[in-house]
Trainee: 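My questions will all concern the structure given below.
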Protein chains: 2
Amino acid sequence: MAQDPRIDTRRPLTLRDVSEASGVSEMTVSRVLRSRGDVSQATREKVLTAARNLGYVPNKIAGALASQRVNLVAVVIPSLSNMVYPEVMTGISQILEHTGLQPVVGVTHYLPEREESVLYEMLSWRPSGVILAGLEHTDAARAMLENAGIPIVEAMDVDGVAVDSAVGISHRRAGMKMAEAILAAGYTRIGFLGTMMPYDHRARKRLEGLEEGLAAAGITLADREFYSGGSALLKGREMTEAILARSPDLDFIYYSNDMIGAGGLLYCLEKGIDVPNSLGLAGFNGVELLQGLPRRLATMDACRLEIGRTSAQIIAGIHPNGLIGGERIELTPKLEMGDTIRR
Amino acid sequence: MAQDPRIDTRRPLTLRDVSEASGVSEMTVSRVLRSRGDVSQATREKVLTAARNLGYVPNKIAGALASQRVNLVAVVIPSLSNMVYPEVMTGISQILEHTGLQPVVGVTHYLPEREESVLYEMLSWRPSGVILAGLEHTDAARAMLENAGIPIVEAMDVDGVAVDSAVGISHRRAGMKMAEAILAAGYTRIGFLGTMMPYDHRARKRLEGLEEGLAAAGITLADREFYSGGSALLKGREMTEAILARSPDLDFIYYSNDMIGAGGLLYCLEKGIDVPNSLGLAGFNGVELLQGLPRRLATMDACRLEIGRTSAQIIAGIHPNGLIGGERIELTPKLEMGDTIRR
DNA sequence: TTGAAAGCGCTAACAG
DNA sequence: CTGTTAGCGCTTTCAA
């Protein structure tokens, strides 16, 4: 039960309290608690016992100010609710766990101004590094990053100019690769379905890549549609129904993500549409969810885990290839044909 | 404009730099940057201009140490990858956005020791409050929370003893309520399927509530099975197949979450099982995903958004009912019958 | 192996 | 409205 805040004189414990309780100088207490320098076994135990008994929790604010070192890594991502960024986070955590660094997450909801303010807020805590999604930022955000004097990794995308390091895939190339696969399978009337995200640059680049790939074969996108908000699975259904009603002769639909693709797939199966023969489908991301669907949706793995891991390695300065920043690391997404592209 | 990087010794900028550049005292610069106290318009503009030109980002570490105030709220949750906690986060963010407080997320992967260490790490930054999931913690974690001297909200669950405030639903009662609905619909051979999470206390409590509710009608659970890891949707399929193979006479399956429930539903539909007449199904959580499924899975809304909002309001001291901590707030989950329980 | 002194960059409290 | 002083709790540095 919390004490009544009015009579709660509880001053948070300080190093001095531990020092007095143990009869050891503050400095030595500090050494013990950080395992720095040589301290005799006897002293160490006195200190540890006192600290534990008091329930002392070090004040990292003071520690950081004094040492000019902060074990925090700022991670700035657009969203937590669509499965893709949590997996990047997982990769980051896996690496940072062994380094004494801690990720701190900020969410932008795909809004550039929000990214800017989240970044400002995080930089004001002087983190050891920043990992953020994408290469597109406001001018002010970019300036902050350039002036921060810490390693910056722009993750997920390599199509553009990075402030410092970039780790990701080329979404443009991913779109082109999909175009090639679609064409190779003999589809010619291709539609695109995406959630309407004015600032989802990566989805936009995939679409551009797709169009470029199709253009090389003299084909233009037959139809496209964008929606926003709501359940992605449901939107996938609705959009698929809508686009097929409007363009019944489509023989392929490329979805900007797996969730709406899954919705589309479920819709098609219910309607008895012959997938993949009369209609081919493909999504993007390679999310785990797809494994439980009645049929395996074609997709492309976005290398999320690897991106997270590599980004964290660069920040922590422990990349196996000795990368130290300023690099552009392009990973290659794997196309998974699944059961929704005919062969 | 950024300074010339060649003469950039990369000392981070301080208030003093802004002070010198603007010809205004550090204290007044500080006032302007925090919008505290009265500062003349002329001075304010001089300061703002200088700060912007230099690209100054305040050092919150120093600020926090001096003011003994930290605008951070520690949020400690088991996972980011299963849709439920992100929605709690959304509720928290919605409220905190208007308060100057910022959530900082820590993930425990359902491991008590990890929760303890994450908590320790976060408390060492002296946050203004803590929101964490559930009422079960290690003794050490509980002690830390009790000694922190800040508001603590244990969210998601109210079945137990809270350190300070508790906001959530009774999972035990949720299980009982589901038992009643199942019995009322005339099902009698009931199975339970859950992911094996030794520390998912809330799933455990729902199961206990279910069994208690069934027991009141003299019925015992006919079968149960637990799996762990992998794609929840896929696991739902596999587990459903397995349990039906072993107990073909089951007429109802209660899933510990919607994802495995959705997998089960897809499996049953494919196999041509008559849902809900020969087999009823229900999940838990009320996730958005269900809206896109071929049939609406029965579920129970876990009030995630509301839990997040209420928790944040308590921490921020802005709860509409004037709650200030030490309360137990039980929300009531709504049963959604969907299309998978016969009526 | 231990301790003392001097800040880290900022803000509270007061004085002007 | 603006400036001065004295720390916040810790770590660095140097001395013992």
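Side chains included, hydrogens not; waters and symmetry mates left out as well; all remaining heavy atoms used. Chain naming here is simple, since letters A, B, ... match the order of the sequence lines and numbering starts at 1 in each. Quick caveat, the model's predicted, so the values are computed rather than measured.
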Trainee: Taking five pairs at each end of the helix from C:dT1-D:dA16 to C:dG16-D:dC1, what angle separates the two helix axes (nearest 10°)?
Mentor: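 About 30° separates the two local helix axes.
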
Trainee: Closer than 4.0 Å, any side-chain N/O of A:R69 to the OP1 or OP2 of D:dT12?
Mentor: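 Checking A:R69 against D:dT12: at least one side-chain N or O falls below 4.0 Å of OP1 or OP2.
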
Trainee: Identify, with sequence neighbours excluded, every residue that meets side chain to side chain donor-acceptor pair (under 3.5 Å) alongside B:R69.
Mentor: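 Counting only residues at least two positions away or on another chain, B:R69 forms no side chain to side chain donor-acceptor pair (under 3.5 Å).
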
Trainee: For the atom pair CE (B:M156) and OG (B:S311), what is the distance rounded to the nearest 0.5 Å?
Mentor: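 Those atoms lie 9.0 Å apart.
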
Trainee: What I want to find out is whether B:E97 reaches A:R114 closely enough, with some N-O distance under 4.0 Å, to be called a salt bridge.
Mentor: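 Yes, charged N to carboxylate O under 4.0 Å.
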
Trainee: Any pair with a residue in residues 316-326 of chain B that passes salt bridge (charged side-chain N to carboxylate O under 4.0 Å, His left out), sequence neighbours left out, goes on the list, sorted by first then second residue, please.
Mentor: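 Sorted pair list comes back empty.
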
Trainee: B:T28 and B:S25: side-chain donor and acceptor closer than 3.5 Å?
Mentor: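 B:T28 vs B:S25: donor-acceptor pair found between side chains.
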
Trainee: Between the side chains of A:H319 and A:E327, does any donor sit under 3.5 Å from an acceptor?
Mentor: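 Side chains of A:H319 and A:E327: no pair found under 3.5 Å.
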
Trainee: Atom CZ of B:R44 and atom C1' of D:dT2: how far apart are they, to the nearest Å?
Mentor: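 Taking atom C1' of D:dT2 as the reference, CZ of B:R44 is at 13 Å.
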
Trainee: About how many Å separate CZ of A:R142 and CD of A:E136, when rounded to the nearest 0.5 Å?
Mentor: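 That separation rounds to 8.5 Å.
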
Trainee: What pairs of nitrogen or oxygen atoms, one from the protein and one from nucleotides 4-6 of chain C, lie under 3.5 Å apart?
Mentor:
none

Trainee: For a quick test of reading the model: is some side-chain N or O of B:T28 closer than 4.0 Å to OP1 or OP2 of D:dG3?
Mentor: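 Yes, B:T28 has a side-chain N/O under 4.0 Å of OP1/OP2 on D:dG3.
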
Trainee: Counting only side-chain nitrogens and oxygens, does B:R36 get under 4.0 Å of the OP1 or OP2 atom of C:dA12?
Mentor: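 Indeed not, no polar side-chain atom of B:R36 lies that close.
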
Trainee: Taking only residues at least two apart or on different chains, which pairs with a member in residues 124-133 of chain A satisfy salt bridge (charged side-chain N to carboxylate O under 4.0 Å, His left out)?
Mentor: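 Of all non-adjacent pairs touching residues 124-133 of chain A, none passes salt bridge (charged side-chain N to carboxylate O under 4.0 Å, His left out).
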
Trainee: Between protein and nucleic acid, restricted to nucleotides 6-10 of chain D and to nitrogen or oxygen atoms under 3.5 Å apart, what atom pairs and distances do you find?
Mentor:
{"unit_1": "D:dC8", "atom_1": "O3'", "unit_2": "B:Q68", "atom_2": "NE2", "d": "3.0"}
{"unit_1": "D:dC8", "atom_1": "O2", "unit_2": "B:L65", "atom_2": "O", "d": "3.3"}
{"unit_1": "D:dC8", "atom_1": "O2", "unit_2": "B:A66", "atom_2": "N", "d": "3.1"}
{"unit_1": "D:dG9", "atom_1": "OP1", "unit_2": "B:Q68", "atom_2": "NE2", "d": "3.2"}
{"unit_1": "D:dG9", "atom_1": "N2", "unit_2": "A:A62", "atom_2": "O", "d": "3.2"}
{"unit_1": "D:dC10", "atom_1": "OP1", "unit_2": "A:Y56", "atom_2": "OH", "d": "2.3"}
{"unit_1": "D:dC10", "atom_1": "OP1", "unit_2": "A:N59", "atom_2": "N", "d": "3.3"}
{"unit_1": "D:dC10", "atom_1": "OP2", "unit_2": "A:L15", "atom_2": "N", "d": "2.5"}

Trainee: Among B:V153, B:I150, B:T310, which residue meets the side-chain contact (heavy atoms from CB on, under 4.5 Å) test with B:I315?
Mentor: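 Considering B:V153, B:I150, B:T310, a side-chain contact (heavy atoms from CB on, under 4.5 Å) with B:I315 is found only for B:V153.
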
Trainee: Knowing that exactly one of B:V163, B:I152, B:V118 qualifies, which makes a side-chain contact (heavy atoms from CB on, under 4.5 Å) with B:L132?
Mentor: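 Checked B:V163, B:I152, B:V118 against B:L132; only one passes side-chain contact (heavy atoms from CB on, under 4.5 Å): B:I152.
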
